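First the structure, in the form of structure tokens, and then the observations on it.
Treat the numbers as computed from the prediction; the structure is a model and nothing was measured. Counting from 1, the numbers follow the sequence of the chain as shown.
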Amino acid sequence: MRLTIIGGGGFRVPLVYRALLTTAGDGSSVRCSEVRLHDTDPVRVRVVARVCEALAEGVPGAPAVRIAGTLDEAVRDADFVFHAIRVGGTGGRVRDERAALDEGLLGQETVGASGVLYGLRTVPVALRVAERVAALAPRAWLINFTNPAGMVTEAMASRLGHRVIGICDSPVGLVRRAAWAAGVDPAEVRYGYVGLNHLGWLNSLSHRGVDLLAGLLADDAALAGFEEGRLFGGELLRALGSLPNEYLHYYYLARETRRAVAEAEQTRGAFLAAQQGAFFDEAARALENAPALWERTRLERERTYGAEQRAAGGGGERDSRDLEGGGYDGVALALMRAIAEDRRTRQILNVRNAGTVPGLPDDAIVETVCEVDSQGAHPVPALSPGLAELGLMLQVKAVERATIEAASTRSPELARHALALHPLVDSARVAARVLARAGWPDSA
């Protein structure tokens, strides 16, 4: 089986490769024989390839690592394509965040004005990738990591249909933390989750037929023991009757989060640009040191993830079990194996709605619980969201669709409309100024 990673110079790519190694010699019916890395930055992809090669040392049956010079070479006859690009690099993220912050708005990679700007820049490139996959690997499954994940997956689905599936590690992390807080093994719980990417709610949680969610929401001490409980607080969570994805902090506590971001010494994008820039520069000068440098940088990145939200929600460090529990890599590999080996599993994924959420179009991408088999990911019946949740989903979905259309047509008018529609952008005039600060479409 051949796996291609588009965006193969990405910092987190070795996490995916390391996860592959755990199944390299376990007798699985399907084994990955080759990983092709493709990236527009030849220096970064060379560094990442060296880190992966070091991880493979001494592992029997480790997949071969090969750098593909062109997109067509990378995707031709692939069985799976992982799509993990960052158009404009971390520098583009910094500009997106700054354009929003300078207008008094939230500056966050995937949410609000910055998320729209990121989508405008990313969608045209994602569509080109989807078209080449459709032409050169029509039987391949494309697993989209690229943010804004729901929006990008929806754009690519216009070319690849059900063969593109979006993933995010936030929902599975929420399930895991909620189960721990309730005192049970996350592997033994049943759960319901529905929403859009970075805009979803855990609305049921049970263990051996016993409901856990109501008791958890009523227990302030238990809520204080995990990240979302501290972020939102018991009073708000009991009013909602569910556990929101951590990204809903940007909506439910928007002022506090904007204040925390504004008071930070630097934005998350600026931190990562400096951190990863230093890593790649140093690793490129001494490739033999790349593996150790990568591990040190990875741990720092993981410890600081979500620091702005935690500051706005009263502080606290990340749960050490989260750092050990795996993220995108684990979600992606579980999905790939379920399809390749026809293993019936349940995962929270970004797929076509297909009637799961009444009120949303059937072809809209939603994030919900799916059953996965060799034919792909199929959403299971879900509890309908409440009016407030559905209203927010409808508004953000309208933003996503307007952004896709604006990016596809390079229309400044549609781009302004997409920005102005967003509930975290409170003025059409501000939307126009944000777009001007970002320099779109000239900056794309």
Side-chain angles (χ1 to χ4, degrees), residues 97 106-112 114-115 145 147-150 166-182 186 191-203 205 213 216-217 222-261 264 267-269 271-272 301-323 325-328 330-331 348-350 366-369 385 388-389 392-393 396 423-424:
E97 291 172 343
L106 173 71
Q108 203 284 331
E109 176 188 25
T110 65
V111 177
S114 299
F145 297 61
N147 279 320
I167 66 167
C168 182
D169 61 349
S170 288
V172 69
L174 172 57
V175 172
R176 192 167 54 219
R177 290 186 289 272
W180 284 329
Y191 50 84
Y193 183 98
V194 69
L196 308 180
N197 180 241
H198 291 180
L199 193 88
W201 298 263
L202 181 67
N203 54 20
L205 184 71
L213 187 58
L216 182 57
L217 293 176
L223 291 174
F226 69 106
E227 190 161 341
E228 287 80 4
R230 292 190 296 270
L231 282 174
F232 298 104
E235 184 178 351
L236 174 56
L237 292 175
R238 285 187 283 274
L240 293 170
S242 63
L243 288 171
N245 182 291
E246 60 194 313
Y247 284 85
L248 274 152
H249 194 263
Y250 296 118
Y251 296 87
Y252 292 148
L253 293 161
R255 293 188 181 189
E256 292 83 352
T257 309
R258 281 200 305 270
R259 188 181 307 120
V261 172
T267 66
R268 178 67 174 171
F271 167 78
L272 291 176
R301 174 190 173 116
E302 292 295 333
R303 282 193 298 268
T304 58
Y305 176 79
E308 294 162 352
Q309 294 148 294
R310 291 196 298 276
E317 295 296 321
R318 290 195 74 186
D319 190 319
S320 61
R321 292 172 296 183
D322 263 358
L323 301 179
Y328 281 88
V331 176
I348 300 172
L349 300 166
N350 286 267
V366 297
E367 188 168 81
T368 193
V369 181
E389 291 79 13
L392 190 52
M393 289 173 65
V396 173
L424 296 180

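Ser114 and Gly107 get closest at one heavy-atom pair: OG-CA, 3.5 Å. Among all heavy-atom pairs drawn from Glu367 and Pro171, the shortest one is OE1-CG, 3.3 Å. Across Pro148 and Asn197, no two heavy atoms sit closer than the pair C-OD1, 4.4 Å. For the residue pair Leu205 and Ala178, the shortest heavy atom distance occurs at CD2-CB, 3.9 Å. Across Trp201 and Leu199, no two heavy atoms sit closer than the pair CZ3-O, 3.3 Å. Of all non-hydrogen atoms in Leu217 and Leu223, the two that sit nearest each other are O-CD1, 3.6 Å.
Two residues are said to be in side-chain contact when any heavy atoms from C-beta on lie closer than 4.5 Å; Cys168 and Phe145 fail this criterion. Val396 places a side-chain heavy atom less than 4.5 Å from the side chain of Tyr251.
For Glu389, there are no side-chain hydrogen bond (donor to acceptor under 3.5 Å, both in side chains) partners at least two apart in sequence or on another chain.
Of the inter-residue distances, the one linking Asn245 atom CG with Tyr193 atom OH reads 4.0 Å to the nearest 0.5 angstrom. Of the inter-residue distances, the one linking Tyr247 atom OH with Gln108 atom CD reads 5.5 Å to the nearest 0.5 angstrom. Between Phe226 atom CZ and Leu216 atom CG the span is 5.0 Å, to the nearest 0.5 Å. Once rounded to the nearest 0.5 Å, the distance linking CD of Glu246 with CZ of Arg177 reads 5.5 Å. In this structure, CG in Leu196 is found 8.0 Å from CG in Leu392, a value given to the nearest 0.5 Å. The distance from the OG1 atom of Thr257 to the OH atom of Tyr252 is 13.0 Å, given to the nearest 0.5 Å.
Partner Val175 forms a side-chain contact (heavy atoms from CB on, under 4.5 Å) with one of Ile348, Val369, Leu243 and no other, that one being Ile348.
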